[in-house]
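Okay, structure first, notes after.
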Amino acid sequence: MGPLVERVQNQSKQALVQWVNGVREACCLHRVIIYSLRSKQLAIRTGQCFLLNGFIFLGSIFVLKSVIIPALEWILPGHCRLINSQQPCSFSSILEFYRFLRVGLVQLIYVLWFYPLYIFSLILSNIWYNDIAKYGFFALENYGDHDTKLSDQKEPQTSQNTVHREKSTDLEGVMISIAEQLYSVLLLTFFLMEVYVTGFIPYIGKALNFMLLSWLYAYYCFEYKWNLSGLSLDKRLDFFESNWAFFAGFGNPCVLAMFLFSPLVSCGFLAILFPLFVLTATGSEADKIVALPRRKWRGAELGRLPIFFIADYMSMRVLKLFSSKSHQQINVNKAL
């Protein structure tokens with residue numbers, strides 16, 4: 001039992017060190033300033049994210065909570081203002097109508113303003129996240145070799161040389177790339193469903209939900225960099241699951257805002273913070289960071305944690321189902 005206890009202790013220490021390293025890498029927000037100074041396009045995109053999600057979206061919520069709702073409560077009161085509270089209120093039916101009207105007006109504001117604004121922000125922010133990751137990758141790769149203020153014509157050319165210099169251009173390579181993208185979408189979709197389901201588990205559901213969300217957003221943050229560097233999907237998943245403690249620590253600060261505020265407010269904060277963590281992930285040398293504790297505890301490896309096991313199983317089942325249907329359709333066409 002002595003060697004076993006020592007091995008468990010060493011693995012626990014290594015997991016803790018990896019987790020702390022992940023949190024520290026996520027909090028290296030000074031990289032955002034450095035990369036923004038190197039790339040004008042990056043500074044513009046980051047500013048647009050702050051303007052839309054911070055000033056407009058969160059600002060609208062602040063105005064609703066602090067100005068509009070108090071004004072409606074004053075104009076349409078929900079209680080009878082009597083000096084002697086023991087006397088029955090003779091306007092109870094009117095006050096009920098006021099309360100109903102006030103709630104209806106607030107819901108109308110949500111339907112006509114906040115929900116469309118949220119959908120618009122979600123679509124536009126996802127487009128901007130790709131640009132932020134791309135410009136941050138360029139700022140990191142080209143610093144010291146080229147002018148930091150790259151034009152829009154130069155950066156796509158650099159992207160093509162960087163991403164595709166080791167990729168095959170034949171039909172087989174294109175089909176493999178499409179298959180990887182399809183599998184990745186299915187994998188993350190099923191993993192997101194898994195995150196949602198775990199939230200309903202009694203007692204440990206919230207903790208599991210927090211941990212799975214941390215891994216999910218950590219993967220999202222690093223996926224932009226891995227796509228731009230041309231790293232294959234199987235290597236991404238192997239590296240991610242082999243260093244699960246590091247990525248759990250990296251995703252914890254990103255997800256923390258979702259558990260501190262209401263759902264709508266947390267979405268606004270997450271939309272602001274997510275591009276910042278994408279940039280910190282772009283500048284992170286995760287492979288070198290996770291290698292240091294491994295050298296110290298060489299005999300007590302953490303091992304690979306199958307984080308995406310359920311999502312992988314469901315994705316493969318769906319792909320096999322569509323594959324069998326396509327083969328059946330081909331055979332039917334041949335018979336006709």
Side-chain angles (χ1 to χ4, degrees), residues 6-31 129 133 136-137 140-141 166 180 183-192 194-195 198 207-256 258 273-313 315:
E6 184 179 358
R7 180 181 177 86
V8 172
Q9 289 178 349
N10 290 335
Q11 287 179 337
S12 300
K13 292 178 181 178
Q14 185 180 355
L16 180 60
V17 171
Q18 294 280 28
W19 180 82
V20 172
N21 289 336
V23 174
R24 186 170 63 243
E25 283 297 299
C27 295
C28 291
L29 298 179
H30 63 278
R31 294 172 184 167
Y129 294 157
F137 189 82
L140 178 65
E141 186 181 54
E166 294 183 355
E180 282 190 351
Y183 172 78
S184 178
V185 171
L186 287 174
L187 182 76
L188 295 177
T189 300
F190 281 114
F191 191 79
L192 186 60
E194 183 182 346
V195 172
T198 55
L208 286 176
N209 188 261
F210 179 78
M211 186 58 64
L212 292 177
L213 272 176
S214 298
W215 279 322
L216 180 63
Y217 278 99
Y219 185 87
Y220 279 149
C221 291
F222 278 89
E223 188 182 29
Y224 292 99
K225 178 182 180 180
W226 292 335
N227 277 329
L228 291 169
S229 59
L231 189 66
S232 61
L233 183 61
D234 56 340
K235 291 182 179 179
R236 300 181 202 177
L237 296 178
D238 179 70
F239 181 74
F240 191 90
E241 293 184 337
S242 299
N243 302 282
W244 50 269
F246 172 83
F247 289 106
F250 189 93
N252 285 163
C254 186
V255 180
L256 189 61
M258 300 183 66
L273 295 175
F274 183 72
L276 307 183
F277 290 116
V278 168
L279 290 176
T280 59
T282 301
S284 174
E285 296 181 346
D287 52 342
K288 296 180 180 179
I289 295 173
V290 299
L292 293 177
R294 286 182 176 179
R295 297 192 188 102
K296 184 177 181 180
W297 291 287
R298 188 173 296 275
E301 295 289 340
L302 285 179
R304 180 171 178 172
L305 184 66
I307 300 171
F308 298 103
F309 175 78
I310 298 176
D312 174 69
Y313 175 79
S315 301

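Note: hydrogens, waters and symmetry copies are ignored here, and every other heavy atom, side chains too, is used.
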[X] side, atom [atom1]; [Y] side, atom [atom2] - distance, nearest 0.5 Å:
X    : Y    : atom1 : atom2 : value
T280 : R24  : OG1   : CZ    : 13.0 Å
F190 : D312 : CZ    : CG    : 11.0 Å
L233 : D238 : CG    : CG    : 11.0 Å
W215 : N252 : CH2   : CG    : 9.5 Å
T198 : L212 : OG1   : CG    : 5.0 Å
Q18  : N21  : CD    : CG    : 6.0 Å

Do the two ring centres, one from F240 and one from F308, sit under 6.0 Å apart?
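Yes, they do, as the ring centres are separated by less than 6.0 Å.
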With a 6.0 Å cut-off on the ring centroids, do Y129 and F274 count as close?
yes
What I'd like to find out is whether the side chain of V278 reaches to under 4.5 Å of the side chain of Y220, using heavy atoms alone.
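The answer is no, as the side chains (C-beta and beyond) never meet within the 4.5 Å cut-off.
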Please indicate whether I310 has more than 12 foreign heavy atoms, meaning atoms of other residues, nucleotides or ligands, lying under 6.0 Å from its CD1.
no
I'd like to know if the side chain of R236 reaches the main chain of L231, judged simply by a donor and an acceptor atom lying under 3.5 Å from each other, with no hydrogens or angles considered.
yes
Strictly distance-based, threshold 3.5 Å: is any side-chain N or O of E241 a donor or acceptor partner for the main-chain N or O of R304?
no
Nearest heavy atoms of [X] and [Y], plus distance in Å:
X    : Y    : answer
I289 : S284 : CD1-OG, 4.1 Å
G283 : R31  : C-NH1, 3.6 Å
G303 : W244 : O-NE1, 3.2 Å
M211 : A248 : SD-CB, 3.7 Å
A26  : P253 : CB-CG, 4.1 Å
A311 : F191 : CB-N, 3.7 Å

Those residues that, when tested against F222, pass ring-ring contact (aromatic ring centres under 6.0 Å, His included) (two or more places apart):
W226, F247, F250
Which of parallel (below 30°), tilted (30 to 60°) and perpendicular (above 60°) describes Y313 and F309?
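Correct class here is parallel.
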